[in-house]
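Comments concern the structure below.
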Amino acid sequence: MQWADADAVTLRALQRAEIAARYGTPDSEPGLVPSQADIAAFFVARADDGIPVGCGGLRHLGGGVGEVKRMYVVPARRGSGVAVAILDALEDWARGQGWTTLRLETGTAQPDAVRFYTRSGYQRIPNFGAYAGVETSLCFERVLEAQRSA
């Protein structure tokens with residue numbers, strides 16, 4: 001897990017700054033803020049030259065369900081396949097843990113994220129957990145297919 005990696009810290013800060021700008025508030029996180037203590041896996045994607053270009057993590061919700069947290073790709077690399085690679089890595093890791101479902105929350109000011117997750121097979125669900133009743137939250141879920149054989 002790379003949660004404490006300096007590049008991971010920087011990428012998460014960039015993600016939070018972008019979210020703050022989109023929603024006009026520095027704190028739009030309903031519920032428990034992700035931390036090393038509650039993130040089961042965290043990945044940093046790097047370009048061929050080693051430059052960090054994106055990140056994403058998973059929080060275990062119990063019962064074979066995980067939540068995608070802090071998914072982010074630097075603007076210059078969006079549309080390049082980095083987000084797909086990160087999400088694939090998260091889903092593969094979750095399958096390896098025996099998880100059957102991934103959920104996530106994004107928001108009304110993130111139509112690009114909504115398009116990405118919808119194209120990736122996530123379907124809109126009622127807001128869950130801390131997101132219930134939050135008007136700017138949009139929640140999605142994907143049932144993971146069985147572990148791919150090598």
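For Arg95 (side chain) and Glu145 (main-chain N/O), a donor-acceptor pair under 3.5 Å exists by modelled atom type. Using modelled atom types, no side-chain atom of Arg12 and backbone atom of Cys55 make a donor-acceptor pair closer than 3.5 Å. The backbone N or O of Ala109 lies less than 3.5 Å from a partner atom in the side chain of Arg22, making a donor-acceptor pair.
Within the 4.5 Å cutoff, the side chain of Leu87 has heavy atoms near those of the Tyr122 side chain.
Of all heavy-atom pairs spanning Pro75 and Glu18, the tightest one is CG-OE1, 4.4 Å. Scanning both residues, Gln36 and Ala4, for their nearest heavy atoms gives OE1-CB, 3.6 Å. Contact record, Tyr23 with Thr108: OH-N, 3.3 Å, taken as the closest heavy-atom pair. In terms of heavy-atom proximity, Ser137 sits nearest to Glu105 at OG-OE2, 2.7 Å. A pairwise comparison of heavy atoms in Met71 and Leu90 identifies SD-CD1, 4.1 Å as the closest pair. Nearest heavy-atom pair, Leu58 versus Ala94, reported as atom, atom and distance to 0.1 Å: CD1-CB, 4.1 Å.
In Asp48, the CG atom is not crowded: 12 or fewer heavy atoms of neighbouring residues, nucleotides or ligands sit closer than 6.0 Å. Crowding of Gln123 atom CD: a count of heavy atoms from other residues, nucleotides or ligands under 6.0 Å not exceeding 12.
Between Arg103 and Glu67, none of the side-chain N atoms (NZ, or NE/NH1/NH2) sits under 4.0 Å from a carboxylate O, so this pair counts as no salt bridge. Asp38 and Lys69 are not joined by a salt bridge, as no carboxylate oxygen comes within less than 4.0 angstrom of a charged side-chain nitrogen.
For the atom pair Gln2 CD and Arg46 CZ, the distance stands at 6.0 Å (nearest 0.5 Å). Trp93 contributes atom CH2, which lies 4.5 Å from atom CH2 of Trp99 (distance to the nearest 0.5 angstrom). The distance from atom CG of Asp92 to atom CZ of Phe43, rounded to the nearest 0.5 Å, is 9.0 Å. Taking OH of Tyr72 as the start and CG of Leu14 as the end, the distance is 4.5 Å to the nearest 0.5 Å. Rounding to the nearest 0.5 Å places CZ of Arg70 at 13.0 Å from CG of Leu104. In this structure, CZ on Arg142 lies 8.5 Å from CG on Leu102, to the nearest 0.5 angstrom.
Both Ile125 and Val65 belong to a common hydrophobic cluster when Ile, Leu, Val, Met, Phe, Trp and Tyr are linked at side-chain heavy-atom distances under 4.5 angstrom. Linking Ile, Leu, Val, Met, Phe, Trp and Tyr residues whenever their side-chain heavy atoms come within less than 4.5 Å places Val84 and Tyr117 in a single cluster. Both Val73 and Val114 sit in one connected hydrophobic cluster of ILVMFWY residues. Membership requires side-chain heavy atoms under 4.5 Å apart, directly or through other members. One hydrophobic cluster, built from ILVMFWY side chains closer than 4.5 Å, holds both Leu144 and Phe116. Transitive grouping of hydrophobic side chains (ILVMFWY, heavy atoms separated by less than 4.5 Å) keeps Ile19 and Tyr131 in distinct clusters.
With sequence neighbours left out, the side chain to side chain donor-acceptor pair (under 3.5 Å) criterion links Asn127 to no other residue.
Between Trp3 and Phe42, the ring planes are perpendicular. Angles over 60° get that label, and only those under 30° would be called parallel.
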### Message
Would Asp112 and Arg115 count as a salt bridge (charged side-chain N to carboxylate O under 4.0 Å, His left out) here? Give the steps.
### Response
CA-CA 5 Å; Asp112 45 346; Arg115 282 190 304 275; 5.4 Å; no
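For the pairing with Pro52, the side chain to side chain contact (heavy atoms under 4.5 Å, CB included) check across Leu11, Val74, Thr10, Asp5 returns one residue only, Leu11.
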